[in-house]
Q: 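Dropping a structure here in structure tokens format, bear with me for questions.
Start at 1 with the first residue, then count along the sequence.
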Amino acid sequence: MKFAGRFLFTSVAFLILCLSAFAAPGSAPPAAKKAAPPTEKQLEELSRALKQKNPPAAYSKLSAFAMQKSSGVLGARAALALGYYDFGKAHYAEAAKWLERAQGDPLLRDYALYWSAEANLALAHDATALAQLQQFRKDFPDSVMTEQALQSLGVAALALNQPADALSALNAYSLTEQRPALLFLRAEAREQSAQKLEAAADYQQIYLHYPTSDQAREAGEKLNFLRSSLGQQIPTIPIEQQIGHAAVLFGSKQWGDARNEYAQLLSQLAGADRERAELRILECGVALGANPSELQALNVSDPDVDAERLLALAQWYRTQQQEPDMAAAAEAAVARAPSSRWAEESLFLAGNYYWVQLARERAAVFYKRLVENFPTSPDATPSQWRVAWAEVLKRQPNAPELLAQHLRQFPGSQFTPDALYWLGRLAEEAGNSALARSYYSKLVDRYAQNYFENLAVARLRALGPGPVAQADVLDTIPGVVAAQPIGDAIPPAAELRQARADALRSIAFDASAELELRAAYASTGEPRLLLESAQAAVAAGHVGAAIVTVRQIYPQLDSRPFGQVPHDVWLAAYPMPFGTSIRQWSTHAGVDPMLTAGLIRQESAFAPDAQSNKNAIGLMQLLPKTARRLAKSAKVKYSHALLFDPDYNVRLGTIYVSGLKKDFGSVESALAAYNAGEERVAFWTTGQTYRDMAEFVDSIPFTETREYVEIVTRNAEIYRKLYGAKQAQPNEPVKLAANRKRRP
């Protein structure tokens with residue numbers, strides 16, 4: 001090695017002498033070119049590359065960037081990015097070294113200090129981590145990472161058997177009692193410091209006030225353990241609160257825990273309370289797969305409790321497609337307690353059963369009774385709409401009256417655009433063009449971007465100019481909620497957090513930048529900070545969070561005329577990550593790329609790792625069974641793991657959409673099949689007569705599917721306006737090397 005080093009030195013020296021010989025007489029040897037100083041743009045490019053393919057190469061370049069003497073603060077930020085990367089890879093020793101170096105950046109020192117403490121915790125250097133976290137709390141009391149730091153501080157202090165340090169920090173934080181995780185830590189610290197009564201109080205607060213939290217079950221166990229040793233020193237929880245706790249578990253469908261709670265309460269209860277506990281123990285059992293025979297045989301004297309029992313039976317009969325038993329149980333629940341919530345739910349259950357079976361007249365009987373007996377129920381809105389819609393489908397003369405009644409009785413409901421459109425259509429069919437223009441115009445003005453708004457525009461164009469009649473019912477429709485005006489500048493109080501967000505984005509810490517901007521908005525109320533937070537969320541791949549954030553600024557965004565909303569707002573709410581894959585594979589399959597983007601936005605909000613409780617995977621939420629079939633038809637390798645790859649997922653998903661469109665003949669029916677399944681759409685269309693595709697859409701019996709079709713088509717239209725894509729043509733040729741390789 002020494003020889004090689006000497007050889008290299010000699011060779012370089014010789015090369016310099018040779019160059020000198022060719023220099024002009026009397027001139028000095030050329031000076032070595034000075035390296036350009038590092039820039040923030042280079043830092044961001046390298047930091048983002050660390051999150052892409054081939055991270056080792058990016059890591060090497062970013063390491064060199066961080067070690068340059070001239071890098072200064074930017075070098076410290078590069079070290080923060082490297083330390084965080086190493087921490088995520090469980091390279092804790094390397095992470096600790098980088099994060100120590102990163103603390104030279106005064107603007108992001110809290111991030112470096114926090115992650116340094118986390119690395120030390122992972123290395124079991126608890127004392128060092130505790131000291132760092134205590135320093136963090138002292139120097140950065142308003143950090144967006146306060147609660148994470150408190151959590152780690154408590155863990156470190158308890159590991160070192162120093163509960164006083166945990167208690168000091170947790171008691172000093174004003175929101176500890178509102179955070180079950182921190183409250184649980186405080187209880188553990190109190191227990192470790194022999195403050196058992198105080199610990200019991202914290203465990204009890206979690207148990208009672210946060211019954212569905214991750215800590216609730218263990219808090220209940222800890223509370224029972226302390227009660228066994230302290231006895232009467234711990235006050236007994238009032239029975240009403242215990243019943244309420246069990247009811248919350250039952251309502252959140254935590255069947256096992258709820259059953260245990262009611263079983264433990266049983267000996268303390270009497271009358272209707274005992275009967276309800278007995279009933280719910282059996283209901284939990286049925287939900288967990290038990291036979292309903294005990295539920296059927298249960299003898300209940302209280303009418304309200306018995307109505308709940310009958311509703312539970314009706315629900316079970318419905319799942320088993322036992323229609324006569326379902327209807328009888330629902331009617332019995334109504335008869336047993338006519339004014340109860342169980343009666344209302346039974347009517348809605350029976351109506352829904354028949355509605356899904358397309359037995360709309362039978363369904364309407366139950367829906368009408370619900371509206372008459374429970375007019376303020378949330379279920380009254382869809383019930384009245386379905387009564388009206390059944391009459392529209394039958395072309396009954398009272399249909400316009402029922403649609404107008406819906407607008408008056410439920411102003412601004414989700415069915416308002418539908419009602420306006422069909423009022424216009426019915427007026428047209430009755431030869432009243434002036435009235436039709438009135439309804440269509442209101443729909444266009446009030447519900448821009450809506451599925452029916454596009455149809456209304458076409459109807460108005462076909463009608464042509466002419467008189468517009470005044471319809472009083474239109475006055476009942478509420479206007480769009482006012483948007484928050486976006487300021488031209490960042491308030492001075494937010495400048496520091498804005499600067500921190502910019503610094504964080506320069507190292508691809510987009511999620512952290514999002515938090516900083518949200519904190520800045522919370523302290524100033526300036527909506528521009530929310531918009532920037534949404535943009536940071538998009539950069540971080542959190543499109544769902546961006547959508548929610550934009551709606552804080554622009555409630556009812558999709559009901560606003562496109563040109564009245566700033567372009568940046570639309571882009572934040574309708575971004576298009578993975579655009580190359582979406583355009584290429586959509587075009588190859590003959591699908592409008594903007595339809596694909598609209599579908600992905602609704603299915604997964606562009607999260608590649610999205611996975612539903614039904615095991616639908618990836619951007620386009622493909623079921624493995626379907627994906628395997630699609631891969632075989634496309635003659636490509638199938639892999640479950642590849643479904644999480646955006647390009648692969650979009651390739652198969654667009655093939656699926658294309659096939660559905662060919663099978664069912666329209667975008668709307670293809671989307672309905674994509675959401676609800678091909679067999680259901682075949683059932684909904686076979687033997688049915690619809691005026692047009694719009695009537696089919698409003699006749700889809702599944703609320704989720706009907707809304708899905710309307711939302712995805714709306715999304716596609718907005719994407720077209722934003723990205724200017726045209727409809728793809730079937731089998732349009734596309735230059736894709738991967739395809740050429742697989743073609744014969």
Side-chain angles (χ1 to χ4, degrees), residues 344-345 347-349 351-352 355-356 360 363-364 366-368 370-371 374-393 399-400 402-426 439-440 442-456 473-481 547-548 550-552 554-561 573 598 601-603 668 671-672 675-676 684 693-718:
E344 184 268 322
E345 290 184 28
L347 290 170
F348 197 57
L349 173 80
N352 288 345
W355 191 255
V356 168
R360 298 187 182 97
F366 288 96
Y367 289 141
K368 188 174 181 181
L370 189 154
V371 175
F374 303 93
T376 61
S377 163
D379 293 332
T381 303
S383 294
Q384 196 279 338
W385 165 255
R386 289 170 183 172
V387 170
W389 184 244
E391 298 300 280
V392 172
L393 287 176
L402 287 171
L403 291 172
Q405 178 188 336
H406 184 86
L407 295 178
R408 292 190 182 92
Q409 191 170 351
F410 307 102
S413 85
Q414 68 268 39
F415 301 102
T416 299
D418 313 56
L420 288 171
Y421 178 75
W422 292 108
L423 280 167
R425 289 291 301 273
L426 294 175
Y439 290 125
Y440 291 145
K442 184 66 173 183
L443 174 54
V444 171
D445 291 343
R446 174 60 181 81
Y447 291 97
Q449 323 307 329
N450 183 272
Y451 174 79
F452 289 99
E453 182 264 352
N454 286 329
L455 300 176
V473 71
L474 298 180
D475 295 335
T476 66
I477 298 173
V480 178
V481 177
I547 293 169
V548 172
V550 168
R551 291 187 186 283
Q552 287 183 251
Y554 277 85
Q556 300 172 312
L557 173 67
D558 310 310
S559 292
R560 300 173 189 276
R601 184 182 186 271
Q602 182 64 15
E603 286 283 355
E668 290 91 338
L671 290 173
N675 178 261
W684 297 339
M693 189 51 58
E695 192 168 79
F696 162 73
V697 170
D698 249 337
S699 296
I700 294 172
F702 289 1
T703 299
E704 177 192 323
T705 302
R706 180 182 56 76
E707 292 179 347
Y708 178 88
V709 171
E710 294 182 17
I711 289 169
V712 173
T713 52
R714 175 207 70 195
N715 290 352
E717 185 61 30
I718 293 174

Q: So, Glu344 side chain and Leu370 main chain: donor-acceptor pair closer than 3.5 Å or not?
A: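 No; zero donor-acceptor contacts below 3.5 Å.
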Q: How far apart are the C-alpha atoms of Asp475 and Lys442, what are their side-chain angles, what is the distance that settles it, and do they pass the salt bridge (Lys or Arg N to Asp or Glu O under 4.0 Å) test?
A: CA-CA 10 Å; Asp475 295 335; Lys442 184 66 173 183; over 6 Å; no
Q: In this structure, which one of Phe702, Phe696, Trp355 forms a ring-ring contact (aromatic ring centres under 6.0 Å, His included) with Trp684?
A: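 Only match with Trp684 under ring-ring contact (aromatic ring centres under 6.0 Å, His included): Phe702.
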Q: Looking at Val712, is its backbone amide N or carbonyl O close enough to the side chain of Gln602 to form a donor-acceptor pair, meaning the two atoms are under 3.5 Å apart?
A: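 No: the side chain of Gln602 does not pair with the backbone of Val712.
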Q: May I ask you to decide if Pro555's main-chain N or O and Arg560's side chain share a donor-acceptor pair within less than 3.5 Å?
A: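 Present.
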Q: Taking C-beta and beyond as the side chain, do Asp698 and Glu710 meet within less than 4.5 Å on heavy atoms?
A: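 Asp698 vs Glu710: side chains touch.
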Q: Does Arg551 come within less than 4.0 Å of Asp558, counting only side-chain N to carboxylate O?
A: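 Yes, Arg551 and Asp558 are salt-bridged.
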Q: Heavy atoms, side chains only, cut-off 4.5 Å: are Phe374 and Leu347 in contact?
A: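 Yes. Closest side-chain heavy atoms under 4.5 Å.
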Q: So, do Glu695 and Trp422 sit near enough that their side-chain heavy atoms are less than 4.5 Å apart?
A: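 Contact flag for Glu695/Trp422 side chains = yes.
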Q: Report the residue from Glu668, Arg714, Glu717 that forms a side-chain contact (heavy atoms from CB on, under 4.5 Å) with Tyr451.
A: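 The single option meeting the side-chain contact (heavy atoms from CB on, under 4.5 Å) with Tyr451 is Glu668.
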Q: Check whether any side-chain heavy atom of Thr416 sits under 4.5 Å from a side-chain heavy atom of Arg446, and report yes or no.
A: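 SC-SC contact between Thr416 and Arg446 ruled out.
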Q: Testing Tyr367, Phe410, Phe415 for side-chain contact (heavy atoms from CB on, under 4.5 Å) with Pro382, which one passes?
A: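 Answer to the side-chain contact (heavy atoms from CB on, under 4.5 Å) test with Pro382 among Tyr367, Phe410, Phe415: Phe415.
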Q: Is there a side-chain contact between Pro400 and Leu423 (heavy atoms, below 4.5 Å)?
A: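 Yes; the side chains approach each other to less than 4.5 Å.
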Q: Determine whether Ile700 and Tyr708 make a side-chain contact, defined as any pair of heavy atoms from C-beta on separated by less than 4.5 Å.
A: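 They are not in side-chain contact.
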